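Below is one structure; the comments refer to it alone.
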Amino acid sequence: MGSNLLFLGFFLLMIVMGFGPITARSQLSSSFYAQSCPNALSIVRTQVLNAIKNETRMAASLLRLHFHDCFVNGCDGSILLDGSDGEKFAKPNLNSVRGFDVVDSIKTALENECNGTVSCADILAIAAKYAVLFSGGPSWRVVLGRRDGLVANQSGANSGLPGPTNSINTIISKFNNVGLNTTDVVALSGAHTIGQARCVQFSNRLSNFSSTSSVDPTLDSSMAADLQSLCSSGDGNTTTALDHNSTDVFDNHYFQNLLNQNGLLSSDQGLFSSDEGIASTKSIVQTYSNSTQKFFCDFVNSMLKMGNISPLTGSQGQVRQNCRLVNN
Ligand code: HEM
Ligand SMILES: *[C@@H]1O[C@H](CO)[C@@H](O)[C@H](O)[C@H]1NC(C)=O
Ligand SMILES: *[C@@H]1O[C@H](CO)[C@@H](O)[C@H](O)[C@H]1NC(C)=O
Ligand SMILES: *[C@@H]1O[C@H](CO)[C@@H](O)[C@H](O)[C@H]1NC(C)=O
Ligand SMILES: *[C@@H]1O[C@H](CO)[C@@H](O)[C@H](O)[C@H]1NC(C)=O
Ligand SMILES: *[C@@H]1O[C@H](CO)[C@@H](O)[C@H](O)[C@H]1NC(C)=O
Ligand SMILES: *[C@@H]1O[C@H](CO)[C@@H](O)[C@H](O)[C@H]1NC(C)=O
Ligand SMILES: *[C@@H]1O[C@H](CO)[C@@H](O)[C@H](O)[C@H]1NC(C)=O
Ligand SMILES: CC(=O)N[C@H]1CO[C@H](CO)[C@@H](O)[C@@H]1O
């Protein structure tokens with residue numbers, strides 16, 4: 001009887017610890033490189049710090065790379081692959097995502113320390129962590145052990161990544177497709193507290209908006225005038241801050257902006273102002289606008305969920321030697 005209970009307890013412990021048959025979770029772990037490359041994190045940290053010292057915006061660019069990697073075939077470094085059929089040429093990425101040279105420098109530094117060990121997908125996860133931390137945002141224990149994919153998926157990038165003029169319901173369903181929910185949509189959109197966007201991404205709001213209103217009525221009129229002036233040259237590549245209040249600081253001003261109709265992208269302001277947003281996301285925006293702590297806590301949780309989208313583990317995929325190319 002006693003030994004039966006002991007056995008049952010042991011069996012339950014195995015399940016809780018993740019060895020049981022009921023779990024299909026991946027085995028990412030914060031100590032993955034503890035033996036094989038103990039300095040991996042500090043090497044990435046140094047490279048990210050140098051890159052941000054050179055150009056503050058690089059923090060935002062690195063954070064976005066991890067997001068655009070994870071949403072397409074999971075977090076497998078597929079966005080880093082060169083080639084005309086690559087994800088780099090998909091509409092949401094072309095002339096838009098950046099930071100590939102920084103990823104190359106990180107990879108070179110890691111190869112010099114422990115070659116063939118740290119995957120490109122993990123580099124993106126670690127770089128995103130330090131990008132947020134060095135911008136004044138929360139810290140978390142990054143989990144590792146992702147391996148690199150063998151293919152890019154340009155059509156997957158075109159269909160899976162959210163766009164700035166997508167409706168809030170479309171954005172929610174794109175997140176749902178990769179296992180993320182409405183809280184994750186709002187928390188992760190808070191990444192737009194840092195970084196820049198180009199005129200092409202929001203100019204639809206500035207003129208000829210609808211049959212009844214030339215400017216998006218959910219855009220503050222003085223901000224609209226500033227943006228019209230900024231974008232008047234017609235160069236769609238002109239950039240401006242996603243959070244004009246504190247451009248380079250990871251804080252909750254993004255959400256406060258939304259309360260004041262100061263969101264830059266339609267997909268930002270819609271979280272607070274659209275009919276769908278009022279039904280599903282508005283109250284979460286209000287909560288984060290009032291509580292940095294709640295935003296940070298949820299952001300970390302959502303980053304861990306996003307970093308866990310369909311990783312390749314064990315002997316799946318490979319560890320690329322060059323993040324731009326599949327090993328020969
Ligand atoms: C919710 C749906 C989202 C949409 C529609 C969206 C769309 C965009 C767009 C259009 C830009 C500007 C790109 C350009 O100017 O070419 C941008 C920038 C950015 N996005 Fe998002 N995004 C979303 C979610 C996210 C998430 C989940 C993250 C990260 C967790 C993120 C991080 C960033 C960052 C940091 C930038 C600035 C990048 C830089 O300055 O280089 N975004 N996003
Ligand atoms: C520093 O940033 C500039 C852009 O501001 C970029 O052109 C340059 O390549 C960067 N230098 C290094 C060493 O990363
Ligand atoms: C690591 O470097 C050594 C010596 O340069 C080389 O022989 C080996 O093949 C490399 N291993 C991997 C996995 O790249
Ligand atoms: C590309 O992504 C789509 C959408 O997720 C998926 O159905 C398809 O299997 C992927 N293709 C490859 C080659 O990975
Ligand atoms: C989303 O998932 C998190 C767990 O990661 C949960 O705490 C939260 O309540 C969920 N949000 C919604 C709107 O279902
Ligand atoms: C505004 O939109 C209408 C119809 O959507 C179109 O006919 C017109 O050419 C547009 N005007 C400009 C300036 O883009
Ligand atoms: C942005 O710049 C790239 C090249 O640097 C160019 O090919 C593209 O047409 C420009 N996009 C817009 C919207 O002006
Ligand atoms: C923020 O919190 C205060 C007090 O807790 C409350 O009175 C206020 O309505 C909240 N604002 C928003 C936008 O939720
Ligand atoms: C909502 C918000 O964060 N507003 C701040 C924007 O920046 C000015 C200073 O530049 C602050 O005074 C506001 O409180």
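Note that ligands are numbered from 1 as they come in the structure, with each ligand's atoms numbered from 1 the same way. None of these values were measured; they are calculated from a predicted model.
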Any side-chain donor paired with an acceptor under 3.5 Å for [X] and [Y]?
{"X": "H192", "Y": "D268", "result": "yes"}
{"X": "N39", "Y": "E113", "result": "yes"}
{"X": "N181", "Y": "N176", "result": "no"}
{"X": "Q261", "Y": "T218", "result": "no"}
{"X": "N153", "Y": "S155", "result": "yes"}
{"X": "D248", "Y": "T56", "result": "no"}
{"X": "Q318", "Y": "D148", "result": "no"}
{"X": "S167", "Y": "T170", "result": "yes"}
{"X": "N73", "Y": "S78", "result": "no"}

Heavy-atom protein neighbour under 4.0 angstrom from atom 14 (O) of ligand 7: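 So atom 14 (O) of ligand 7 has protein heavy-atom neighbours under 4.0 Å.
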Atom 2 (O) of ligand 4 touched by protein (heavy atom, under 4.0 Å):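 So far as the 4.0 Å threshold goes, atom 2 (O) of ligand 4 is in reach of a protein heavy atom.
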Closest to [atom] among [options] (heavy-atom distance):
{"atom": "atom 12 (C) of ligand 7", "options": "T238, N95, D235, N237", "value": "N237"}
{"atom": "atom 3 (C) of ligand 1", "options": "P162, S302, G163, A128", "value": "P162"}
{"atom": "atom 18 (C) of ligand 1", "options": "Q201, R98, R64", "value": "R64"}
{"atom": "atom 42 (N) of ligand 1", "options": "H192, E55, M58, M303", "value": "H192"}

Measure the shortest side-chain to side-chain distance between L81 and E87 over non-hydrogen atoms and say whether it is less than 4.5 angstrom.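 With C-beta onward as the side chain, the pair stays apart.
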As an exercise, identify every atom of ligand 1 less than 4.0 angstrom from a heavy atom of [X].
{"X": "L242", "value": "18 (C), 19 (C), 36 (C), 37 (C)"}
{"X": "G195", "value": "37 (C), 40 (O)"}
{"X": "S189", "value": "1 (C)"}
{"X": "A197", "value": "12 (C), 15 (O)"}
{"X": "S267", "value": "5 (C)"}
{"X": "S96", "value": "13 (C), 14 (C), 16 (O)"}
{"X": "L265", "value": "7 (C), 8 (C), 9 (C), 10 (C)"}
{"X": "F175", "value": "1 (C)"}

Closest non-hydrogen protein atom to [atom], residue and atom name please, with distance?
{"atom": "atom 41 (O) of ligand 1", "result": "S61 OG, 2.7 Å"}
{"atom": "atom 25 (C) of ligand 1", "result": "F67 CE2, 3.2 Å"}
{"atom": "atom 30 (C) of ligand 1", "result": "A191 CB, 3.6 Å"}
{"atom": "atom 4 (C) of ligand 4", "result": "G156 CA, 4.3 Å"}
{"atom": "atom 27 (C) of ligand 1", "result": "L188 CB, 3.5 Å"}
{"atom": "atom 11 (N) of ligand 4", "result": "N153 ND2, 2.8 Å"}
{"atom": "atom 35 (C) of ligand 1", "result": "A60 O, 3.2 Å"}
{"atom": "atom 39 (C) of ligand 1", "result": "R57 NE, 3.4 Å"}

Give me the one residue out of S266, P92, S96 that meets side chain to side chain contact (heavy atoms under 4.5 Å, CB included) with Q201.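 Of S266, P92, S96, side chain to side chain contact (heavy atoms under 4.5 Å, CB included) with Q201 is met by S96 alone.
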Which atoms of ligand 7 sit under 4.0 Å from any heavy atom of V200?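 Those atoms are 13 (C).
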Any heavy atom of I171 closer to ligand 1 than 4.0 angstrom?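 Yes, I171 has a heavy atom closer than 4.0 Å to ligand 1.
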Please confirm whether the ring centroid of F250 lies under 6.0 Å from the ring centroid of F295.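 Between F295 and F250, which both carry aromatic rings, the centre distance is below 6.0 Å.
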Do R198 and ligand 1 have an N or O pair less than 3.5 Å apart?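 N/O-N/O distance under 3.5 Å: yes.
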Do other residues, nucleotides or ligands put more than 12 heavy atoms under 6.0 Å from R57 CZ?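 Correct, the count exceeds 12.
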Could you see which bit of N73 sits under 4.0 Å from ligand 4, with heavy atoms only: side chain, backbone, both or neither?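 The part of N73 near ligand 4 is the side chain, not the backbone.
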Do L271 and F202 sit in the same hydrophobic cluster, where Ile, Leu, Val, Met, Phe, Trp and Tyr count as joined when their side-chain heavy atoms come under 4.5 Å apart?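 No; tracing contacts between hydrophobic side chains, which count when under 4.5 Å, never links both residues.
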For D122, the option from K107, R147, R146 that meets salt bridge (charged side-chain N to carboxylate O under 4.0 Å, His left out):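 It is R146, the one option of K107, R147, R146 that forms the salt bridge (charged side-chain N to carboxylate O under 4.0 Å, His left out) with D122.
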